[in-house]
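Read through the structure below, which is laid out as structure tokens, and then see the notes.
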Amino acid sequence: VQLVESGGDLVQPGGSLRLSCAASQGSLDYYAIGWFHQAPGKEREAISCIGSDGTTYYLESAKGRFTISRDDAKNTVYLQLNNLKPEDTGVYYCATDYQAPIRQIASMCRRTEFGTWGQGTQVTVSS
């Protein structure tokens, strides 16, 4: 599986964006997907993840503003970003890994247990 992110853009504070993570050369069935954010000069950190069964997990900073979803028919996962703030600026990455039945999406997300990564898409929030 290869991942390609898209949807990043320059947006004003309070604006919205929908990021897409499209998978090719394979299916996302049985795979969990996570979205991660790397702000300028900072380490990459998890935002939200979605399990193969659709179970979602959000880090505290993402709750209430971001929504993750998946469309397995399109082999695509989305991250809806609302009420964007300047501190949301950075590169957004999606990543995937096989989710064996024993693996919990919350743990995978918190521990960044993903082996395949996309190249990232840039989001800039500025007036």
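Count residues from 1 along the sequence. Please read all numbers here as calculations on a predicted model, not as lab measurements.
The distance from atom CE of M108 to atom OH of Y57, rounded to the nearest 0.5 Å, is 13.0 Å. Taking CD of Q119 as the reference point, atom CD of Q2 lies at 9.5 Å (rounded to 0.5 Å). Separation of atoms CZ (R110) and CD1 (I105) is listed at 10.5 Å; rounding is to 0.5 Å. L81 contributes atom CG, which lies 4.5 Å from atom CG of L19 (distance to the nearest 0.5 angstrom). Atom CD1 of I33 is separated from atom OG of S52 by 8.5 Å, given to the nearest 0.5 angstrom. Atom CZ of R111 sits about 13.0 Å away from atom SG of C49, to the nearest 0.5 Å.
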**Report entry** Derivation of the side chain to side chain contact (heavy atoms under 4.5 Å, CB included) call for L59 and I47
**Finding:** CA-CA 5 Å; L59 277 294; I47 301 173; 5.9 Å; no
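The stretch residues 63-93 participates, sequence neighbours left out, in these ring-ring contact (aromatic ring centres under 6.0 Å, His included) pairs: H37-Y92. For residues 32-46, there are no salt bridge (Lys or Arg N to Asp or Glu O under 4.0 Å) pairs, not counting sequence neighbours. The stretch residues 83-101 participates, sequence neighbours left out, in these salt bridge (Lys or Arg N to Asp or Glu O under 4.0 Å) pairs: R65-D88, D97-R103.
Counting only distance, with no hydrogens or angles, the side chain of E5 and the backbone of C94 share a donor-acceptor pair below 3.5 Å. Panel note: side chain N75, backbone G26; a donor-acceptor pair is recorded below 3.5 Å. At least one donor-acceptor pair under 3.5 Å links the side chain of Y58 to the backbone N or O of I68. Side-chain atoms of Q38 do not come within 3.5 Å of backbone N or O of G90 as any donor-acceptor pair. Remark: the backbone N or O of T55 is paired with a side-chain donor or acceptor of D53 at under 3.5 angstrom. T96 places a side-chain N or O within donor-acceptor distance of the main-chain N or O of A32, the cut-off being under 3.5 Å. In this structure a side-chain-to-backbone donor-acceptor pair under 3.5 Å is present from R70 to G51.
Residues A46 and F36 come closest through the heavy atom pair CA-CD2, 3.3 Å. Annotation for V1 and A23: closest pair CG1-CB, 3.9 Å, computed over non-hydrogen atoms.
Note: Y31 and Y98 have perpendicular aromatic rings, judged against thresholds of 30 and 60 degrees for the angle between ring planes.
The local environment of CD in Q80 is crowded, with over 12 non-hydrogen atoms from other residues, nucleotides or ligands closer than 6.0 Å.
With V123 as the partner, the side chain to side chain contact (heavy atoms under 4.5 Å, CB included) test is satisfied by one option alone out of L17, L10, D9: L17.
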